[in-house]
Amino acid sequence: MAQRRDPSGPRERPRAPGRERARAQVTGSPWSSGVTRAADGAVEVAGVDVRALAAEHGTPAYVLDEADFRARARAYRDAFAAAFEPLGTGVDVYYAGKAFLSVAVARWAHEEGLRVDTATGGELAVALRAGLPGSEIGLHGNNKSDSELARALDAGVGRIIVDSIGEVERVAEAARAHGGGPAPVMVRVTTGVHAGGHEYISTAHEDQKFGLSLVAGPDGGTSPAMTALRAVLDRPELHLLGIHSHIGSQILDPSGFEVAARKVLALRAELARDTGYLVPEVDLGGGYGIAYVPGEVPLDPARVAKDLASTVDAVCAELSTPLPRLSIEPGRAIVGPTTCTLYTVGTVKPVVLDDGRTRLYVAVDGGMSDNIRPALYGAAYHAEVVSRTSGETGVLARVVGKHCESGDIVVHEVQLPADVRTGDLLAVAATGAYGRSMASNYNHVPRPPVVAVTDGATRVLVRRETEDDLLALDQG
Ligand code: LLP
């Protein structure tokens, strides 16, 4: 995190401000750009002291830096526009709402020129509540319900991404019943590219539930992807808008995007050869990786956009097909680094390990209910004490939650000052994506609020759940 100068002059020498700043620029920092450590040692987010924030909103709390969110949204939009527009085609950036969606966040994304990708009726409801035009919303899902399809058609969504051959028929029937003209659909294909952080979050290798394979079955013949594309073309109730590929999440090596793009463009050319219909759009999905711990290098949108543009350009030239309009669906890369989770330290317990070392177990007032990712994927995070600095050296620590199981780990391994104590505020960086959106009420713990910080002021985007909220569902 960057250091801020106290105008009254530092009482304590801040920790290597120049080096910290340089490190953030070179390798990526897990903190949002508005996170600074003032000379008195306490951290501010966009000008708000975390101690004041905790006093006003309580802990745990997700603290979201609005300017950082907007800047990341713009960075993706601008980078892809700059790379593709010189080639004579455009790019639509869809913010993947599954990473985190609220009415305000959907509006910010839209104000910054992004559209919104939804994966369920619930996400669609939030995007609509935010006032987005249906035409700028996409609907995904490998198992959409009839009512989700009907609502999407009522809202006039810009695209429904079809995920199975059976769904071609279902969307066509829903569109016929709706009577509003051909439904714009994309067909999601699996390119066989396996990319990303964990098997559960990689979605384009073959043995999983998403999309339609490019590979024909053992008896040869037509691939499921081609069968679905042709089925869409056969239905007058459907308009075949594009081919979609999403290869995984938290991808730090961009070469998978290029391999997938080649395969999708080849399929598009094959379909055009066979049917005379050139699919106008191609979506290359999301998955752009971020830094979770200091030193991790996130994907640079400008670099990825440039490399993808030259691949798409070269492949289309080889195939003698005009360039499609492109779209992408980043979620994590827009919202992940914008947010940190603020906790209060409770119990601190040294545990002697088998090898003789001591690990400090630092328990906070949340845990796997507000961030399931360490337990689910073994995801690494970074934490710092943010209410003060300490002169003590760092010791091996593990941040744990308050839930009833030993896998309730928030940060597996981190150095914390030896004097970390009850009442300290501790922040965990980069929890904006798939934190609140995958939060649970395990142990009847109410879910924390999402507090946005903008220019020195806070605003609650999603309020803290209460025990009354939980009991309201209990019918006695
Ligand atoms: N588009 C599609 C079709 C997707 O399935 C996903 C994510 C995205 C876009 C956005 O991917 P992103 O840019 O956020 O990586 N819960 C897991 C991540 C699951 C991602 C599922 N699909 C996690 O916490 O890591």
Could you check whether any side-chain heavy atom of Val293 comes within less than 4.5 Å of a side-chain heavy atom of Pro30, counting everything from C-beta outward?
no
Check the side chains of Glu123 and Thr118 for a donor-acceptor pair under 3.5 angstrom, ignoring hydrogens and angles.
no
Begin from the C-alpha positions of Ile243 and Val187 and carry the test side-chain contact (heavy atoms from CB on, under 4.5 Å) through to its verdict.
CA-CA 5 Å; Ile243 305 177; Val187 172; 5.6 Å; no
With a 6.0 Å cut-off on the ring centroids, do Phe100 and Tyr434 count as close?
no
Before accepting this row, confirm whether a basic side-chain N of the pair Glu66/Arg70 lies closer than 4.0 Å to the acidic partner's carboxylate O.
yes
With a cut-off of 6.0 Å (strictly less than), are more than 12 heavy atoms of other residues, nucleotides or ligands near CG of Asp354?
no
Where do His244 and Asp283 land on the side chain to side chain donor-acceptor pair (under 3.5 Å) test, with the steps shown first?
CA-CA 5 Å; His244 187 288; Asp283 189 296; 3.3 Å; yes
Taking the side chain as every heavy atom from C-beta outward, state whether Tyr94 and Ile328 have any atom pair closer than 4.5 Å.
no
May I ask you to decide whether Arg235 forms a salt bridge with Glu173, counting only side-chain N to carboxylate O separations under 4.0 Å?
yes
Tyr288/Gln250 under side chain to side chain donor-acceptor pair (under 3.5 Å): CA gap, chis, key distance, verdict:
CA-CA 6 Å; Tyr288 305 90; Gln250 184 55 10; over 6 Å; no
The reported gap from CG in Asp313 to CD in Glu318 (rounded to nearest 0.5 angstrom) is 10.5 Å
Do the side chain of Glu148 and the main chain of Ser145 share a donor and acceptor less than 3.5 angstrom apart?
yes
Would you please test Val364 and Val399 for side-chain contact (heavy atoms from CB on, under 4.5 Å) and show each step?
CA-CA 7 Å; Val364 295; Val399 181; 3.8 Å; yes
Students often mix this up, so state it plainly: with edges at 30° and 60°, are the rings of Tyr381 and Tyr292 parallel, tilted or perpendicular?
perpendicular
Do the non-hydrogen side-chain atoms of Leu267 and Leu229 ever get within less than 4.5 Å of each other?
yes
Between Val103 and Ala130, what is the shortest heavy-atom contact and its length?
O-CB, 3.5 Å
Minimum heavy-atom distance Leu101-Ala127, with the two atoms named:
CD2-N, 4.4 Å
Intermediate values then yes/no, side-chain contact (heavy atoms from CB on, under 4.5 Å), Leu396 and Leu353
CA-CA 11 Å; Leu396 178 65; Leu353 309 181; 4.3 Å; yes
Min side-chain heavy-atom separation His412-Ile409 under 4.5 Å
yes
Verify whether one side chain among Asp68 and Ser33 offers a donor that lies under 3.5 Å from an acceptor in the other.
yes
Please lay out, stage by stage, how Tyr95 and Phe69 fare under the test ring pair (Phe, Tyr, Trp, His ring centres under 6.0 Å).
CA-CA 11 Å; Tyr95 169 60; Phe69 180 97; 5.5 Å; yes
Please determine if Asp370 and Arg436 form a salt bridge, counting it only when a charged side-chain N lies under 4.0 Å from a carboxylate O.
no
What are the two closest heavy atoms between Val189 and Ala225, and how far apart are they?
CG1-CB, 3.6 Å
Quick check: His246 with His140 (ring centres under 6.0 Å apart)?
no
Would you name the heavy atoms of Ser102 and Val126 that are closest together and state the gap between them?
C-CG1, 3.5 Å
Glu384 and His382 side chains, donor-acceptor separation under 3.5 Å:
yes
Would you tell me whether Arg447 and Ser369 have side-chain atoms, one donor and one acceptor, within less than 3.5 Å of each other?
no
Presence of salt bridge, Lys144 and Glu167, under 4.0 angstrom:
yes
Pair Arg332-Ser249, side chain to side chain donor-acceptor pair (under 3.5 Å): steps then yes or no
CA-CA 8 Å; Arg332 187 192 313 269; Ser249 201; 2.7 Å; yes
Would you name the heavy atoms of Val279 and Gly242 that are closest together and state the gap between them?
CG1-CA, 3.1 Å
Of all the heavy-atom pairs spanning Ala305 and Phe84, show the shortest one and how long it is.
O-CE1, 3.9 Å
Any donor-acceptor pair under 3.5 Å from Thr431 side chain to Thr341 backbone
yes
Return yes if a side-chain donor-acceptor contact under 3.5 Å exists between Arg159 and Ser327, otherwise no.
yes
Side chains of Tyr62 and Val451 in contact at under 4.5 Å (non-hydrogen atoms):
no
